[in-house]
Amino acid sequence: MKQRKKRDLPTKVCPVCNRPFSWRKKWEKNWDEVIYCSERCRSEGRGNNKIQHTK
């Protein structure tokens with residue numbers, strides 16, 4: 001594969017931190033399933049489904 005410049009790589013926006021992130025070699029096989037930019041955002045994103053009760 002011909003090397004591409006970073007600006008030419010596909011990008012997505014993380015739904016937790018709203019920051020753009022670029023394609024990485026480790027995501028080559030499952031880029032379509034990548035949602036979060038990091039493990040931290042992934043754990044926070046899954047935690048948002050919990051219902052918080054307030055009095």
Side-chain angles (χ1 to χ4, degrees):
M1 179 171 113
K2 185 179 173 184
Q3 284 196 334
R4 296 200 241 175
K5 294 185 180 186
K6 186 165 182 159
R7 69 175 185 251
D8 296 333
L9 294 173
T11 60
K12 293 184 179 184
V13 176
C14 178
V16 175
C17 65
N18 292 317
R19 293 181 184 172
F21 63 97
S22 298
W23 180 92
R24 293 184 189 171
K25 177 72 175 171
K26 70 179 187 177
W27 293 330
E28 181 176 26
K29 293 179 181 166
N30 65 342
W31 174 245
D32 293 334
E33 290 128 34
V34 174
I35 299 171
Y36 304 104
C37 65
S38 65
E39 289 294 322
R40 180 178 179 182
C41 283
R42 186 168 67 120
S43 65
E44 288 182 21
R46 290 183 179 177
N48 285 343
N49 294 335
K50 294 178 183 175
I51 298 172
Q52 296 180 356
H53 297 284
T54 58
K55 282 189 171 185

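Treat the numbers as computed from the prediction; the structure is a model and nothing was measured.
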Sorted by chain and number, sequence neighbours left out, side chain to side chain contact (heavy atoms under 4.5 Å, CB included) with Pro20 holds for none
Checking [X] now: which residues fulfil salt bridge (Lys or Arg N to Asp or Glu O under 4.0 Å) with it, not counting sequence neighbours?
{"X": "Lys25", "answer": "Glu28"}
{"X": "Glu39", "answer": "Arg42"}
{"X": "Arg40", "answer": "Glu44"}

Quick one: OG1 on Thr11 to CH2 on Trp23, what's the gap to the nearest 0.5 Å? 13.5 Å
For a quick test of reading the model, state the closest non-hydrogen atom pair linking Val13 to Phe21 and the distance between them. C-CE2, 3.9 Å
To check you understand the geometry: which heavy-atom pair defines the closest contact between Pro15 and Tyr36, and what is its length? CG-CE2, 3.7 Å
With sequence neighbours excluded, give me every salt bridge (charged side-chain N to carboxylate O under 4.0 Å, His left out) pair touching residues 12-24. none
Results of side-chain hydrogen bond (donor to acceptor under 3.5 Å, both in side chains) for Lys5 - residues two or more places apart only: none
